[in-house]
Amino acid sequence: MKGTGLIRTCFIAAICVSPALAASNPPTAQLLFHANLTSSVTLVFQNNPNAGSTGYCALINSGANFVGLNLGNASQVVPDDQACVRYLSGSSSYTVSSAFDVVVTITNSRSPSYSLAAQISTASPSGVTWTLNGTGLSTSFKTIQTANPYVSPITQTLGVNVQRAVAAQTLFESVNFLATAN
Amino acid sequence: MRTQIPFISLLATSVLITVSFNAEGQTTATGTVDALLIHNSGISLVFDTNTSGVALGTSGAAATTLNFGAISAFGALVAGVTRSAVLSNFFTVGTLFNIQVQEGGATSTSYRLTAQLSAASPAGFSCAVDGVTLGTASSQIQSSAAYNTDVQHALNLTISTAAPGAGGPALNTPLTTTLNFTATAN
């Protein structure tokens, strides 16, 4: 067939050409890639250097962004059973609290500082108020600090105030923190 | 003659591959602290100085002292001590003090107060709280007292006028008695 012969001829020609070319130009290949570098920020909780002393309980899973804090057993008339918990009792309520450090790190950014906000995940029972640095928390994010330096541990004090009339119960709360680059 | 042409490698070519990594910049970071407190109920008892009575050694504490000072049937008494009766065979001196029972998280609305002596009174000497003469067995002082407020109580000492060794207490020697109070939630 004429067409087949033409194809065969072309193919043969290509085969005849290629060895010569191969000898003069070694096989090469190029891989060219593009990447867009972006900034990123991370937040971790870590024990305060005073951990173990009054007011500074050790965190569970310190160094991570998801930690636990055990505030022990307490009542209006009996102080907390954990020495590391700071316990204050007044005429109408008592407060237990503990401090830890927050470390926020940012890379590839000109941001000079960050703001920190906090919220509680679920509404507290009546007569119970979770606080951060003395500021009452709600289920909406509340700004705690507006210009914290990166990398430096910033001490935060988490507490809970319980009114005298609150019945005995387990008080559990997930406190969410949000760091936003300025 | 047909030439067998072996299949050889293809021509080398330049290959241009573009790989792009596009990601939005991250400006926020989050973390969570799970906090737990076991909130208990409880009551506690403290003694407070009554403004009309003898000043307590430590007001507001669960353990304190009350000093009657020098007492006698006819001599001067210290501030806050009163003499209510002088009879032929005994006299009575007394003072006021407060008890406050604090509660938190309890469903109880009142408490019962009892008291007893830690040891028998010295000879010729007896004491009573709110008119209830105390012994080493527990005696009820109040059946339903209010929490979180000072409740006034009267402590009276009844002393025999008999001579020491003849039924009267020792002279010029401190007479010390410990009273134990218990508050029980109703």
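Sequence lines set the chain letters: A, B, ... in the order given, protein chains first and strands last, and positions in each chain run from 1. Below, all heavy atoms of this structure are taken into account, side chains as well, without hydrogens, waters or symmetry copies.
Within the 4.5 Å cutoff, side-chain heavy atoms of Leu158(A) are placed close to those of Val33(B). In this structure the side chain of His39(B) never reaches within 4.5 angstrom of the side chain of Val128(A), judged on heavy atoms.
Residue Val96(A) touches chain B through its side chain alone, counting heavy-atom pairs closer than 4.5 Å. With a 4.5 Å cut-off on non-hydrogen atoms, Asp80(A) touches chain B through its side chain but not through its backbone. Only the side chain of Tyr94(A) comes within less than 4.5 Å of a heavy atom in chain B; its backbone stays farther off. Both the backbone and the side chain of Thr180(A) come within contact range of chain B, judged by heavy atoms closer than 4.5 Å. For Phe172(A), the parts sitting under 4.5 Å from any heavy atom of chain B are the backbone and the side chain alike. Proximity to chain B is limited to the side chain of Val162(A), based on heavy atoms less than 4.5 angstrom apart.
At a threshold of 4.5 Å between side-chain heavy atoms, the hydrophobic network of Ile, Leu, Val, Met, Phe, Trp and Tyr places Val44(A) and Val41(A) in two separate groups. Val103(A) and Tyr56(A) fall into different hydrophobic clusters, where Ile, Leu, Val, Met, Phe, Trp and Tyr side chains are chained together by heavy-atom contacts under 4.5 Å. One hydrophobic cluster holds both Ile144(A) and Tyr150(A) under the rule that ILVMFWY side chains link at heavy-atom gaps under 4.5 Å. Leu59(A) and Val85(A) fall within a single hydrophobic cluster, where Ile, Leu, Val, Met, Phe, Trp and Tyr side chains are chained together by heavy-atom contacts under 4.5 Å. Two different hydrophobic clusters hold Ile43(B) and Val166(A) under the rule that ILVMFWY side chains link at heavy-atom gaps under 4.5 Å.
More than 12 heavy atoms of other shown residues, nucleotides or ligands fall within 6.0 angstrom of atom CZ in Arg164(A).
No other option in Val78(A), Thr42(A), Val77(A) has as many heavy-atom pairs under 4.5 Å with chain B as Val77(A). Listed options Leu171(A), Leu43(A), Thr170(A), Asn61(A) were ranked by heavy-atom pairs under 4.5 angstrom with chain B; first place goes to Leu171(A). With respect to chain B, the highest number of heavy-atom pairs below 4.5 Å among Gly72(A), Ala181(A), Ala64(A), Ser89(A) belongs to Gly72(A).
Remark: Thr32(B) OG1 to Phe45(A) CZ distance equals 6.5 Å, nearest 0.5 Å. Atom-to-atom distance recorded for Ile38(B):CD1 and Ser75(A):OG is 12.5 Å, nearest 0.5 angstrom. Atoms CG and CD, on Asp34(B) and Glu173(A) in that order, are 9.0 Å from each other to the nearest 0.5 Å.
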For this session: For the pair Asn176(A) and Thr30(B), evaluate side-chain contact (heavy atoms from CB on, under 4.5 Å) and give the outcome as yes or no after the intermediate values.
Result: CA-CA 7 Å; Asn176(A) 298 319; Thr30(B) 61; over 6 Å; no
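Across all non-hydrogen atoms, the minimal contact from Ser41(B) to Ala168(A) is N-CB, 3.6 Å. In this structure, Gln76(A) and Glu103(B) approach most closely via the heavy-atom pair CG-O, 3.9 Å.
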